Amino acid sequence: MSTPQLSEQEQVRRQSLEEIRKLGIDPYPAAMYPVNTTAAEILAGFSDTEDKFPEVCLAGRIMSRRIMGNASFAELMDSSGRIQIYVRRDDLCPGEDKTLYNTLFKKLLDIGDIIGVRGFAFRTQMGEITVHVKELTLLSKSLRPLPIVKEKDGVMYDAVTDPEMRYRQRYVDLIINPEVREVFRKRTLVMRSMRELFDSRSYLEVETPVLQAIPGGAAARPFVTHHNALDIPLYLRIADELYLKRLIVGGYDGVYEFAKDFRNEGMDRMHNPEFTVLEIYVAYKDYNWMMEFTEEIMSKVAMDLHGTTKVPLGDNIIEYAGPYRRVSMTDAIKEYAGIDITGMSEDDLRHECDRMGIGHSPSMGAGKLIDLIFGEKCEHHFIQPTFIIDYPQETSPLTKKHRSRAGLTERFELMVNGKEVANAYSELNDPIDQLERFHEQMRLSQKGDDEAMFIDMDFVRALEYGMPPTSGMGIGIDRLTMFMTNQQSIQDVLFFPQMRPEGQKPL
RNA sequence: CGGUCUGUAGCUCAGCUGGCAGAGCAGCUGACUCUUAAUCAGCGGGUCCAGGGUUCGAGUCCCUGCAGACCGACCA
């Protein structure tokens with residue numbers, strides 16, 4: 001292992017560590033610390049007329065220090081926020097020995113160290129609620145200087161904005177940027193809000209395989225790995241759809257899973273190789289029911305996060321209260337591309353793409369071309385939540401044929417801010433039709449479509465035993481979180497977004 | 001994969017037509033018992049992303065590479 005050159009400040013901190021040990025103080029004590037409150041609790045509950053916090057014990061990280069001879073102020077940050085502490089020499093060291101204040105607190109502690117304090121809350125002459133410290137315990141010595149961010153009147157000074165630092169060292173980002181912690185708290189709330197709704201209906205949260213011998217349920221390039229004992233290739237799942245439907249066959253009326261899916265494709269502001277999808281399947285429902293349920297989910301999530309269904313996103317306010325507009329794929333293309341694709345052949349569609357300057361390849365069939373026109377000309381217009389319904393059969397191999405419109409399927413996607421956030425079907429449960437659709441995918445694959453679906457014969461076998469009419473939906477949790485927290489990049493809603501490994505740079 | 005931009009102290013950044021490497025915060029020493037971007041006096045701290053080239057001389061100009069951001073392409 002190479003020994004990277006330590007900076008001056010790192011060397012000083014290591015020396016301090018040794019001196020702390022020489023004082024007989026353990027810089028990394030094992031014993032639990034008896035925290036009995038938080039910064040936020042004190043700030044919220046403090047009263048000038050009654051002594052509500054005569055004995056507090058809290059712990060956190062030193063974020064700033066103002067040392068003035070024999071008394072000092074510092075800011076302590078715990079998971080709830082920051083509070084000022086007041087440390088006076090003669091309170092910390094009532095006896096003759098002033099080492100704890102003069103040496104430990106003033107010299108050997110640094111910004112970033114984690115300490116515990118015991119004392120009482122009071123209000124300073126300047127009006128700030130503060131903890132007067134009677135007893136101080138070092139809980140963890142920090143050896144690496146933290147980026148210093150100062151703030152006055154809401155203005156941040158020297159804020160760390162370098163995305164590389166923020167994403168590679170997310171722990172630092174979380175320490176110094178409280179609004180980042182809030183985004184991730186909201187991400188958890190999004191999932192909790194959905195769980196509450198599903199559980200209230202007695203739908204069952206389940207787990208299905210991440211390692212799959214046949215990567216099914218979506219059209220995407222998978223990651224491949226190898227299982228040594230079985231000596232077979234295994235794929236990281238691109239979707240959990242086919243397993244969840246097997247469970248509907250097995251007799252559950254409603255199942256859902258928050259799944260990490262993996263796709264070996266491009267990375268950009270909207271895509272990360274691993275991402276989270278909620279999939280839910282409910283027996284005896286169709287896609288019309290699912291649209292109403294989706295409206296209920298979205299407005300509940302918005303309410304739980306913001307207390308309103310109106311959520312700001314970029315320059316817009318998104319209204320998540322239903323009902324949402326429903327536009328068929330055909331009408332959307334009529335409206336924004338100005339053409340009627342009804343009854344058009346593959347050649348006609350290819351011709352229209354050429355006319356509109358949309359690039360396409362020979363391996364694309366009619367359905368893919370329609371998808372392309374929609375993506376190019378229509379998608380970005382749908383800012384407010386809108387259901388795009390009735391997709392072509394060719395690109396929807398797991399979807400039931402439309403009950404009344406030939407060549408189309410009972411499928412919808414929910415568009416928000418010009419992007420897809422949900423995708424749902426009346427699930428195809430006719431095993432003979434399903435097998436035929438898989439074969440159609442095979443033909444597309446042979447034509448050069450490298451993300452056409454694999455045939456999963458066990459899934460067909462399951463359908464042969466009989467699956468009730470079912471509606472299913474997937475929601476992109478990362479994207480939904482972006483929209484609900486007004487973030488413009490998927491990297492801002494993933495704790496640890498995928499990045500190129502760090503090179504030879506010394507850490 | 002292509003275009004544009006960026007990389008200098010722990011952090012945020014300056015450094016002009018090439019001429020001794022800079023500031024604020026942070027750190028260190030000292031003063032200060034109600035400060036809050038604390039203040040005051042003093043002091044240290046650099047592989048200027050890496051490698052090569054041009055030049056008497058390169059942080060600065062040129063080439064290659066590495067890493068990142070943005071925009072496209074591919075891709076849900």
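Naming: A, B, ... by sequence-line order, numbering from 1 per chain. Treat the numbers as computed from the prediction; the structure is a model and nothing was measured.
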Enquirer: What nucleotide among B:C32, B:C75, B:U36 has an atom nearest to a side-chain atom of A:I67?
Expert: B:C32

Enquirer: Given that A:R479 and A:L109 both sit by RNA chain B, which one's nearest nucleotide is further toward the 5' end?
Expert: A:L109

Enquirer: Between A:E50 and A:S47, does any side-chain donor sit less than 3.5 Å from a side-chain acceptor?
Expert: no

Enquirer: When rounded to the nearest Å, what value does the distance between C1' atoms of B:A26 and B:G59 take?
Expert: 24 Å

Enquirer: Measure from the side-chain heavy atoms of A:Y157 and tell me the nearest of B:G27, B:A37, B:U29.
Expert: B:A37

Enquirer: What is the separation between atom CG on A:N102 and atom C1' on B:U33, rounded to the nearest whole Å?
Expert: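 In whole Å, B:U33 C1' lies 12 Å from A:N102 CG.
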
Enquirer: Out of the candidates A:E257, A:E279, A:E427, only one should pair with A:K245 under the salt bridge (Lys or Arg N to Asp or Glu O under 4.0 Å) rule; please name it.
Expert: A:E427

Enquirer: Side chain of A:Q125, base of B:U35: donor and acceptor closer than 3.5 Å?
Expert: no

Enquirer: Please report, rounded to the nearest Å, how far the P atom of B:C74 is from the CE atom of A:M270.
Expert: 17 Å

Enquirer: Ignoring hydrogens and angles, does a donor from either the side chain of A:E8 or the base of B:G27 sit under 3.5 Å from an acceptor on the other?
Expert: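 Between B:G27 and A:E8, which were checked side chain against base, a qualifying N/O pair under 3.5 Å is absent.
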
Enquirer: Pick base, sugar-phosphate or nothing for A:F374, based on heavy-atom distances below 4.0 Å to the nucleic acid.
Expert: nothing

Enquirer: Using a cut-off of 4.0 Å on non-hydrogen atoms, how would the nucleic acid contact of A:S7 be classed: base, sugar-phosphate, or nothing?
Expert: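 Sugar-phosphate, backbone atoms only, no base.
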
Enquirer: Given B:G10, B:A69, B:G30, identify the nucleotide with an atom nearest to the side chain of A:P163.
Expert: B:A69

Enquirer: Check this one for me: any side-chain N or O of A:R168 less than 4.0 Å away from OP1 or OP2 of B:G68?
Expert: yes

Enquirer: Tell me: CZ of A:R500 to P of B:G65, nearest whole Å?
Expert: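 After rounding, the gap between these two atoms is 13 Å.
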
Enquirer: What's the closest nucleotide to the side chain of A:T124 if the choices are B:U35, B:C75, B:G68?
Expert: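 Of the options given, the side chain of A:T124 lies nearest B:U35.
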
Enquirer: Could you tell me whether A:R13 and A:E8 make a salt bridge, using a distance below 4.0 angstrom between a side-chain N and a carboxylate O?
Expert: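 Looking at A:R13 and A:E8, the cut-off is not met.
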
Enquirer: Expressed in whole Å, how much space separates the P atoms belonging to B:C5 and B:U47?
Expert: 28 Å

Enquirer: When you compare B:G45 with B:G51, how far apart are their C1' atoms, in angstrom units rounded to a whole number?
Expert: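 Approximately 27 Å lies between the C1' atom of B:G45 and that of B:G51.
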
Enquirer: Within less than 4.0 Å of OP1 or OP2 of B:A26, is there a side-chain N or O belonging to A:K150?
Expert: yes

Enquirer: Regarding A:D90, tell me which of base, sugar-phosphate or nothing describes its non-hydrogen contacts under 4.0 Å with the strands shown.
Expert: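 Since a base atom lies under 4.0 Å of A:D90, the category is base.
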
Enquirer: Provide the distance between the two P atoms, one in B:A23 and one in B:G15, to the nearest whole Å.
Expert: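 Comparing P positions in B:A23 and B:G15 gives a spacing of 15 Å.
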
Enquirer: Cation-pi check for A:Y391 against A:R411: NZ or CZ below 6.0 Å from the six-membered ring centre and within 45 degrees of the axis, yes or no?
Expert: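 Checked: cation-pi criterion met.
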
Enquirer: If you assign A:Y86 and A:E151 each to the RNA chain B nucleotide with the nearest heavy atom, which residue ends up on the more 5' nucleotide?
Expert: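 By nearest-heavy-atom nucleotide position, the 5'-most residue is A:Y86.
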
Enquirer: Whether A:R269 contacts B:C71 is assessed here as follows: a side-chain N or O lying under 4.0 Å from the phosphate OP1 or OP2. Is that the case?
Expert: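 It does, given that an N or O in the side chain of A:R269 lies less than 4.0 Å from OP1 or OP2 of B:C71.
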
Enquirer: Measure from the side chain of A:I148, starting at C-beta and using heavy atoms only, and say which of B:G30, B:U33, B:A26 lies closest.
Expert: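 Selected nucleotide: B:A26.
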
Enquirer: Please tell me if the side chains of A:D261 and A:I238 come closer than 4.5 Å, counting only heavy atoms from C-beta onward.
Expert: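 In short, these two side chains do not touch, never coming nearer than 4.5 Å.
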
Enquirer: Looking only at atom P, what distance separates B:U60 and B:G18, rounded to whole Å?
Expert: 11 Å

Enquirer: Angle class for the A:Y101/A:F105 ring planes (parallel below 30°, perpendicular above 60°, tilted otherwise)?
Expert: parallel

Enquirer: Between A:K22 and A:E18, is the closest basic N to carboxylate O distance under 4.0 Å?
Expert: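 Not counted as a salt bridge, because no side-chain N and carboxylate O are separated by less than 4.0 Å.
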
Enquirer: Hey, does the side chain of A:Q15 come within less than 4.0 Å of B:C28's phosphate (OP1/OP2), counting only N and O?
Expert: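 Negative; the distance criterion is not met.
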
Enquirer: Nearest whole angstrom, please: distance from the P of B:A26 to the CG of A:D113.
Expert: 16 Å

Enquirer: Separation of A:K98 atom NZ from B:U33 atom C1', in whole Å?
Expert: 12 Å

Enquirer: Measuring only the C1' atom in each nucleotide, how far is B:C25 from B:A67? A whole number of Å is fine.
Expert: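 Between the two C1' atoms, the distance is 26 Å.
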
Enquirer: Suppose you measure atom C1' in B:C32 against the same atom in B:G44; what distance do you get, rounded to whole Å?
Expert: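 Straight-line distance between the two C1' atoms is 23 Å.
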
Enquirer: Hey, is the side chain of A:E164 pairing donor to acceptor with the base of B:G68 inside 3.5 Å?
Expert: no

Enquirer: Which nucleotide wins on minimum distance to the side chain of A:M165, given the candidates B:G27, B:C11, B:C75?
Expert: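 Among the listed nucleotides, the one closest to the side chain of A:M165 is B:C11.
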
Enquirer: Measure from the side chain of A:K107, starting at C-beta and using heavy atoms only, and say which of B:U29, B:G68, B:G10 lies closest.
Expert: B:U29

Enquirer: For the residue pair A:H381 and A:Y336, does the interplanar ring angle fall in the parallel (under 30°), tilted (30 to 60°) or perpendicular (over 60°) class?
Expert: parallel

Enquirer: Partner of B:U55 by Watson-Crick or G-U wobble geometry, both contacts under 3.5 Å, or none?
Expert: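 Across any shown strand, B:U55 pairs with none.
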
Enquirer: Between B:C48 and B:G10, how far apart are the P atoms? Round to whole Å, please.
Expert: 12 Å

Enquirer: Whether A:R66 contacts B:A38 is assessed here as follows: a side-chain N or O lying under 4.0 Å from the phosphate OP1 or OP2. Is that the case?
Expert: yes

Enquirer: With a 4.0 Å limit, can you tell me whether A:K106 has a side-chain N or O closer than that to the phosphate oxygens OP1/OP2 of B:U29?
Expert: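 For A:K106, the contact criterion (side-chain N or O under 4.0 Å from OP1 or OP2 of B:U29) is not met.
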
Enquirer: When the distance from CG of A:D110 to P of B:A26 is rounded to whole Å, what number comes out?
Expert: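 Whole-Å distance recorded here is 13 Å.
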
Enquirer: Taking the side chain of A:D158 as heavy atoms from C-beta outward, which of B:C25, B:C75, B:U35 is closest to it?
Expert: B:C25

